[in-house]
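Worksheet for the structure shown next.
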Amino acid sequence: MSVLKRRVPIAGAVVVVTGGGSGIGRLMAKGAAARGAKAVLVWDLSQDAARAVAEEIGQQARAVCVDVTSNESVAAAAEQALEEFGRVDILINNAGIVTGKDFLSVTEADVERTFAVNTTSHYRTVKAFLPGMLERDRGAIVTIASAAGLVGVARQADYSPSKFGAVGFAQSLRAELRHRGSNVHTLLYCPYYISTGMFEGVKTKFRLVLPIITPDTAARHVLDALEAGCQMKVDPPFVRAAQVAQALPVPVLDKLLDFFGINQTMDDFVGRSSGVDAEPRGADSEPRGADSEPRGADAELAERAVQSREGK
C-alpha cells in the first residue's frame with residue numbers, strides 16, 4: 001500500500017463534471033479545459049445550460065443532458081462517454097440541491113429528493129466509471145461535499161445529513177481503494193458557504209476565519225487540490241475545527257458553534273430569488289427516479305435549474 005501523495009494531472013484527462021451547467025460546476029469544467037483536459041463532459045439536467053458551458057469551452061467539451069437520480073440516464077451518458085473516448089479519468093460529483101427549510105416544514109419528498117441528488121447519485125456515477133479506472137489503475141473520483149457534512153446545522157435537517165452521507169461515501173471509498181492497493185485517487189472537498197446564489201441570504205459572523213467563498217475561488221481550490229494529490233480539502237482551513245470539536249462534550253460543542261454563529265447562518269436564507277432552489281416542486285410530489293413517470297414541463301424545468309448548482 002502506497003502512502004505517497006499521487007498527483008492527478010488534468011492535462012490530457014477525460015473529465016466528467018456533474019451539475020456542470022452553472023455555479024462551481026461550470027467553473028470547474030472551464031478550469032479543467034484551461035488546464036489542458038483532453039475532453040470535458042458537462043453533465044447537467046438542463047441541456048441548454050450544459051450546451052452553453054460547452055460552447056464557452058470549445059471543441060474539447062461535450063454537453064450531456066443527465067438526470068443523476070436516474071439509473072438509466074447515468075448509464076446511457078456513461079456509455080456514450082466511454083464509446084467516444086474509451087475512458088473517463090476524472091469524475092467530479094458536484095450536483096447538489098438544498099431546501100433551507102426548518103425540520104417541521106421539510107416534506108418526505110424534500111428529503112428523498114435531497115438525498116437522491118446529494119448522496120445516492122454518487123453511487124451510480126462512480127459505479128459507471130470506477131471499473132475502468134481500476135483496470136487502468138489510475139483515475140480520480142472527486143466528491144463535492146460540504147462543511148455541513150462535518151457538523152449538523154440548523155435548518156439543514158435534510159441537506160446536512162445528505163452531505164454527511166457524501167462525506168462517509170468518499171471516506172469509505174478511499175479506504176476501500178487503499179485497502180486493495182489501488183492507485184485510483186479520491187478527493188473530498190468540504191467548503192463553507194459558496195456565493196453561487198444557492199445559499200442566498202446566509203450570513204457569517206467572523207468573515208476573517210469563516211468567509212463566504214467565491215465560486216471562482218472554490219473551483220480553483222478543487223482543481224489545485226486534485227493536481228496536488230490532496231485527498232481531503234476543507235475550505236477555509238478553519239473548518240477543520242468542526243472535526244476536532246466533535247470530541248468535545250455536547251454542551252461545550254453547542255456553545256462553541258453558537259459563538260461562531262453557525263446555527264444562525266440560515267436565519268435569513270432565501271435561496272435563489274426565483275425560489276427554484278428552495279422549492280422546485282409541489283410539497284406532495286415524489287422525487288424522480290429511474291422508474292417514475294415523466295413529469296410536466298414546469299416541474300422538469302424547475303428540477304433542471306437545481307441539480308446544476310452546489311452552494312455549500
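These numbers come from the heavy atoms of this one structure, side chains and all, not from hydrogens, waters or symmetry mates. Keep in mind that this is a model prediction, so the values were computed, not measured.
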* To do: With rounding to the nearest 0.5 Å, note down the distance linking CD in Gln80 to CG in Leu41.
  => 7.5 Å
* Structure fact -> Of all heavy-atom pairs linking Leu91 and Met133, the shortest is N-CE, 4.2 Å
* Asked: Hey, does Val142 have a side-chain heavy atom less than 4.5 Å from the side chain of Val17?
  -> no
* Structure fact -> Residues joined to Val244 in its hydrophobic cluster, side chain to side chain under 4.5 Å directly or through other members, sorted by chain and number, are none
Contacts table for residues 203-212: side-chain donor-acceptor under 3.5 angstrom, sequence neighbours left out:
residue	atom	partner	partner atom	Å
Lys203	NZ	Asp268	OD2	3.3
Thr204	OG1	Tyr192	OH	3.2
Thr204	OG1	Leu210	O	2.6
Lys205	NZ	Phe259	O	2.7

* Structure fact -> Rounded to the nearest 0.5 angstrom, the CG-OG1 distance for Asn93 and Thr119 is 10.5 Å
* Structure fact -> Heavy atoms of Asp44 and Ala49 approach each other most closely as OD1-CB, 4.2 Å
* **Closest non-hydrogen atom pair between Ser162 and Thr114, with its separation** => OG-CG2, 3.6 Å
* Which value, rounded to the nearest 0.5 Å, describes the distance between Glu108 atom CD and Asp158 atom CG? -> 12.5 Å
* To do: Going by the side chain to side chain contact (heavy atoms under 4.5 Å, CB included) test, name the single residue among Thr99, Ile97, Val98 that passes it with Tyr159.
  => Val98
* Are Val42 and Val66 grouped together when hydrophobic residues (ILVMFWY) are joined by side-chain heavy atoms under 4.5 angstrom apart? -> no
* **Thr125, Val16, Leu130 screened by side chain to side chain contact (heavy atoms under 4.5 Å, CB included) with Val88, the one that passes** => Val16
* **Asp89 (side chain) donor-acceptor with Val14 (main chain) under 3.5 angstrom** => yes
* Side-chain heavy atoms under 4.5 angstrom apart, residues restricted to Ile, Leu, Val, Met, Phe, Trp, Tyr: same cluster for Leu187 and Val40? -> no
* To do: Might you confirm whether atom CD of Gln243 has over 12 heavy atoms from other residues, nucleotides or ligands at distances under 6.0 Å?
  => yes
* To do: Treat each ILVMFWY residue as a node, draw an edge where side-chain heavy atoms are under 4.5 Å apart, and state whether Leu223 and Val15 are in one component.
  => yes
* **Heavy-atom pair of closest approach, residues Pro191 and Ala145** => CD-O, 3.7 Å
* What residues form a side-chain contact (heavy atoms from CB on, under 4.5 Å) with Pro215, not counting sequence neighbours? -> Ile24, Leu27, Ile194, Ser195, Thr196
* Aromatic ring proximity, centroids under 6.0 angstrom, Phe238 and Phe260 -> yes
* Structure fact -> Residues passing the salt bridge (charged side-chain N to carboxylate O under 4.0 Å, His left out) test with Glu227, sequence neighbours excluded, are Arg35
* Asked: Is the backbone N or O of Asn183 less than 3.5 Å from a side-chain atom of Asp137, with the two atoms forming a donor-acceptor pair by type?
  -> yes
* Donor-acceptor under 3.5 Å (Ser172 side chain, Gly168 main chain) -> yes
* Asked: Looking only at atom types and distance, does a side-chain atom of Thr18 sit under 3.5 Å from a main-chain N or O of Asn94, one as donor and one as acceptor?
  -> yes
* **Residue pair Glu112, Thr107: steps toward the side chain to side chain contact (heavy atoms under 4.5 Å, CB included) verdict** => CA-CA 9 Å; Glu112 291 181 358; Thr107 67; over 6 Å; no
* To do: Would you name the heavy atoms of Ala245 and Leu256 that are closest together and state the gap between them?
  => CB-CD2, 3.9 Å
* Would you sort out whether Val8 and Ile90 count as a side chain to side chain contact (heavy atoms under 4.5 Å, CB included), showing the intermediate values? => CA-CA 9 Å; Val8 180; Ile90 299 171; 4.0 Å; yes
* So, does Ser182 use its side chain to make a donor-acceptor pair with the main chain of Val184 at under 3.5 Å? -> yes
* Within the side chain of Lys163, is there an N or O that forms a donor-acceptor pair under 3.5 Å with the backbone of Ile144? -> yes
* Arg87 atom CZ, neighbour heavy-atom count above 12 within 6.0 Å -> yes
* Structure fact -> Under a side-chain separation threshold of 4.5 Å, the hydrophobic residues clustered together with Val111 are Val106, Phe115
* Asked: Is a donor on one side and an acceptor on the other found under 3.5 Å between the side chain of Arg155 and the backbone of Lys101?
  -> no
* **Check: Gln156 side chain, Gly100 main-chain N or O, donor-acceptor pair, under 3.5 Å** => no
* **Approximate separation, where rounding is to 0.5 Å, of Ile262 CD1 and Leu257 CG** => 6.0 Å
* Asked: Under a single-linkage definition using a 4.5 Å side-chain heavy-atom cutoff for Ile, Leu, Val, Met, Phe, Trp and Tyr, are Ile10 and Val222 assigned to the same hydrophobic cluster?
  -> yes
* With hydrophobic residues grouped by side-chain heavy-atom distances under 4.5 Å, do Phe164 and Tyr193 end up in a single group? -> no
* **Side-chain (Arg124) to main-chain (Val68) donor-acceptor, under 3.5 angstrom** => yes
* Structure fact -> To the nearest 0.5 Å, atom CG of Leu134 lies from atom CG of Leu177 at 6.5 Å
* Does the pair Leu173 and Ile141 meet the rule for a side chain to side chain contact (heavy atoms under 4.5 Å, CB included), with working shown? -> CA-CA 9 Å; Leu173 179 64; Ile141 307 291; 4.1 Å; yes
* Hey, can you tell me if His122 and Phe169 have their rings parallel, tilted or perpendicular (30° and 60° cut-offs)? => perpendicular
* Structure fact -> Rounding to 0.5 Å, atoms SG (Cys230) and NE2 (His221) come to a distance of 11.5 Å
* Among all residues two or more places apart in sequence or in another chain, which pass the side-chain contact (heavy atoms from CB on, under 4.5 Å) test with Arg174? -> Thr186, Gln231
* Ion pair check, Asp48 and Arg51, cut-off under 4.0 Å -> yes
* Ser73 side chain to Asp67 side chain, donor-acceptor N/O pair below 3.5 angstrom -> no
* **Arg62 (side chain) donor-acceptor with Gln59 (main chain) under 3.5 angstrom** => yes
* To do: Step by step, work out the side chain to side chain contact (heavy atoms under 4.5 Å, CB included) result for Leu226 and His185.
  => CA-CA 9 Å; Leu226 184 62; His185 181 78; 4.1 Å; yes
* Asked: Which heavy-atom pair separates Val167 from Cys190 by the least distance, and what is that distance?
  -> CG2-SG, 4.0 Å
